[in-house]
Peer 1: 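After the structure tokens below, expect a handful of questions from me.
First the proteins, then the strands, lettered A, B, ... as listed; each starts at 1.
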Amino acid sequence: MRALLSELKRALCIAEKDLKEYYLKPPTISWGLVFPFTFALAFTLRGRSGPWLAPSLITLSLFFGSTSMSAASIVFERRMGSFERLLLYPISYTGIVFGKVLSSFFFGLLSSSATFAIIWMMFLIKPCYPLLLVVSIIGATFQFSALGVLLSFAVKDPSQAMTVFNSVRLPMMFLCGLIIPFSRLPPWLRYVSLLLPPTYATESIKYAFAGSYELLPPTIAIVSTYISFVIILYVTAYFIKRSIP
Amino acid sequence: MMPKMNAKLSSGSYAIEVKNLVKFYGDFQAVRGISFKVAWGEVFGFLGPNGAGKTTTVKMLCGLAKIDGGNARVAGYELPRELKKAKGVIGVVPDISNLYAELSCIDNLVFAARMYGINKKESKKRAYELLEFFGLKEKAKAKFKALSKGLKRKLTLAAALVHNPKILFLDEPTLGLDVKSKRSVWRLIRKLNSNGLTVFLTTHNISEAFELCHRIAIIDKGLIVARGSPAELRKQFAASEAVEVSFAPSPPIQAISGLPGISHAHRSGESIIIVASDIALAVESLARFARERGLKLNYIASKGVEAEEVFLKILGESVAERA
């Protein structure tokens with residue numbers, strides 16, 4: 001228990017350091033606000049209605065914000081050689097990954113709160129299940145942040161990270177129900193969707209807003225979101241271990 | 001204030017014990033079964049040319065590279081089994097100054113301290129103590145990226161000391177620094193060692209190793225080819241000794257280089273540097289030369305054996321042995 005607490009403390013230190021160094025800067029914060037606002041405006045101009053738009057917009061800004069931020073900080077640190085410093089401290093690889101996820105998580109929460117405020121002001125929409133929405137957003141933010149960290153370690157050469165990153169992230173965006181509703185996907189593609197972690201987060205957020213679901217019941221969606229987060233955490237820790245020559 | 005060191009709390013009879021250490025990168029064997037011991041409180045130098053296996057050895061000892069063969073103990077902890085414990089009592093200064101560019105000096109040090117489990121208040125206190133010790137107090141709020149190369153090196157060194165480590169690993173500590181910054185880092189290393197800190201230093205700078213280290217291991221192509229104190233190495237591998245001499249008026253250099261016992265002579269400002277194959281004979285020849293030509297012998301001083309000469313000789317012999 002004591003060891004776990006000390007790991008958590010160190011992970012929080014990493015998160016605090018990342019927030020100071022990368023996230024809490026005026027350009028990053030404004031990007032976190034401008035991005036959801038631009039998306040909301042774009043979808044509204046295309047005639048999308050509020051009840052459909054709200055969950056998709058929140059999930060989309062979370063997905064883009066959280067995955068980009070965690071990946072950007074790691075890719076930068078790997079290039080500069082400062083990521084190596086974290087490996088010198090008495091903390092496990094899982095602890096390091098959790099610290100990196102936490103910083104992106106806090107930023108994601110800020111960004112999703114801003115998105116929610118924009119949606120509320122534009123459409124006056126209230127979620128059907130507010131508590132479920134909070135639990136879903138927390139799970140989704142953890143999952144997306146971890147996904148960003150995983151992808152930035154899955155590539156050996158940091159300079160190729162963003163190319164690999166977008167080639168994975170963009171298809172995910174179209175297949176997890178964020179932009180195209182599942183009902184419009186061919187049945188075989190829905191099975192592919194079930195293999196993608198963001199599908200579960202999207203489904204639970206949609207249910208919390210609209211009170212109905214397309215592909216998965218909310219309990220399964222939420223539990224799967226949290227389980228997939230833990231799996232991604234450990235897989236990333238394995239990738240770090242593997243990256244040591 | 002001088003940072004406190006933990007040398008007296010040391011466990012185990014040696015700070016570092018390495019036996020038959022091996023490292024492969026694919027098919028290439030970077031470290032080929034080296035063994036050495038570092039005593040508590042000493043400055044141990046790992047000297048060798050680029051690509052000799054120095055950094056790889058440090059990386060294995062601090063967990064940045066896997067150990068492919070052999071045994072290693074750091075501060076009494078067996079690697080890799082007790083790596084996390086070992087990490088808690090060592091400080092590492094890598095060959096690049098890799099602190100966080102956007103963080104201030106004080107934030108970088110506080111972060112490092114907190115990663116070793118030190119609470120926020122104590123971390124700040126130690127960080128300010130170290131800034132003072134390293135003469136960086138005025139730069140406390142400056143971002144790391146805004147520091148000069150020399151100051152970046154000093155802060156990276158400070159970050160490795162925040163938790164009062166028992167052993168400090170320094171990988172090429174003065175690489176790329178100007179002479180002034182280099183001397184300043186040397187002074188700091190001596191000061192830290194005099195306060196009880198064990199230092200493991202890698203360098204390709206011969207004078208750095210001979211200036212700072214109590215003992216030196218010379219590594220070439222993954223093998224330790226010689227070891228001993230600087231004096232022992234000089235004695236063991238010396239075939240010639242250097243002498244500095246000054247005459248008035250100064251004679252032509254060709255007249256000196258042909259004298260008995262002298263293998264080479266070159267001018268260095270007002271004086272002449274002589275490499276003597278037989279020091280006694282060379283001094284006798286020089287005195288006779290001055291007397292016969294009616295020159296005034298201003299001074300004659302032994303410069304000992306040039307460190308560079310010893311190093312090159314050892315490397316030359318190791319290549320010949322392998323051939």
Peer 1: Check whether B:Lys23 reaches the backbone of A:Pro245 with its side chain - one donor and one acceptor, N or O, closer than 3.5 Å.
Peer 2: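 Between the backbone of A:Pro245 and the side chain of B:Lys23 there is a qualifying donor-acceptor contact (under 3.5 Å).
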Peer 1: Count the heavy atoms belonging to other residues, nucleotides or ligands that lie under 6.0 Å from NZ of A:Lys241, then report whether that count exceeds 12.
Peer 2: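 Check fails, neighbour count at 12 or below.
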Peer 1: Inspect the surroundings of OH in A:Tyr226 and state if more than 12 heavy atoms from other residues, nucleotides or ligands are less than 6.0 Å away.
Peer 2: yes
Peer 1: B:Tyr25 versus chain A, heavy atoms under 4.5 Å apart: side chain, backbone, both or neither?
Peer 2: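 Contact with chain A is through the side chain of B:Tyr25 alone.
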Peer 1: Using non-hydrogen atoms only, which part of B:Asn108 is less than 4.5 Å away from chain A: side chain, backbone, both, or neither?
Peer 2: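 Looking at B:Asn108, nothing touches chain A.
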Peer 1: Is chain B contacted by the side chain of A:Lys9, its backbone, both, or neither, given a heavy-atom distance below 4.5 Å?
Peer 2: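 Contact with chain B: none, neither part.
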Peer 1: What heavy-atom pair brings B:Gly117 and A:Arg10 nearest, and what distance separates the two atoms?
Peer 2: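 Residues B:Gly117 and A:Arg10, closest heavy atoms: N-NH2, 3.4 Å.
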Peer 1: State, to 0.1 Å, how close A:Glu84 and B:Lys59 come at their nearest heavy-atom pair, and which atoms those are.
Peer 2: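 Nearest heavy atoms, A:Glu84 then B:Lys59: OE2-NZ, 3.6 Å.
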Peer 1: Are any of the side-chain heavy atoms of B:Arg114 and A:Glu16 separated by less than 4.5 Å?
Peer 2: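 Yes, side chains in contact.
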Peer 1: Taking every non-hydrogen pair under 4.5 Å, which of A:Cys13, A:Ser243, A:Gly81, A:Ser92 racks up the most with chain B?
Peer 2: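 The answer is A:Cys13.
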Peer 1: By number, which residues in residues 83-102 of chain B have some heavy atom less than 4.5 Å away from chain A?
Peer 2: B:Lys84, B:Lys87, B:Gly88, B:Val92, B:Pro94, B:Ile96, B:Asn98, B:Leu99, B:Tyr100, B:Ala101, B:Glu102
Peer 1: Is it true that, when you exclude A:Met172 itself, more than 12 heavy atoms of the residues, nucleotides or ligands shown sit nearer than 6.0 Å to its CE?
Peer 2: yes
Peer 1: Should the heavy atoms of other residues, nucleotides or ligands under 6.0 Å from NZ of B:Lys152 be counted, would the total exceed 12?
Peer 2: yes
Peer 1: Return yes when atom CG of A:Leu195 has more than 12 non-hydrogen atoms of other residues, nucleotides or ligands closer than 6.0 Å, and no otherwise.
Peer 2: yes
Peer 1: Quick check: closest heavy atoms across B:Leu64 and A:Ile244, and the distance to 0.1 Å?
Peer 2: O-CG2, 3.6 Å
Peer 1: To check you understand the geometry: which heavy-atom pair defines the closest contact between B:Tyr116 and A:Leu88, and what is its length?
Peer 2: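 Scanning both residues, the minimum pair turns out to be OH-O, 4.1 Å.
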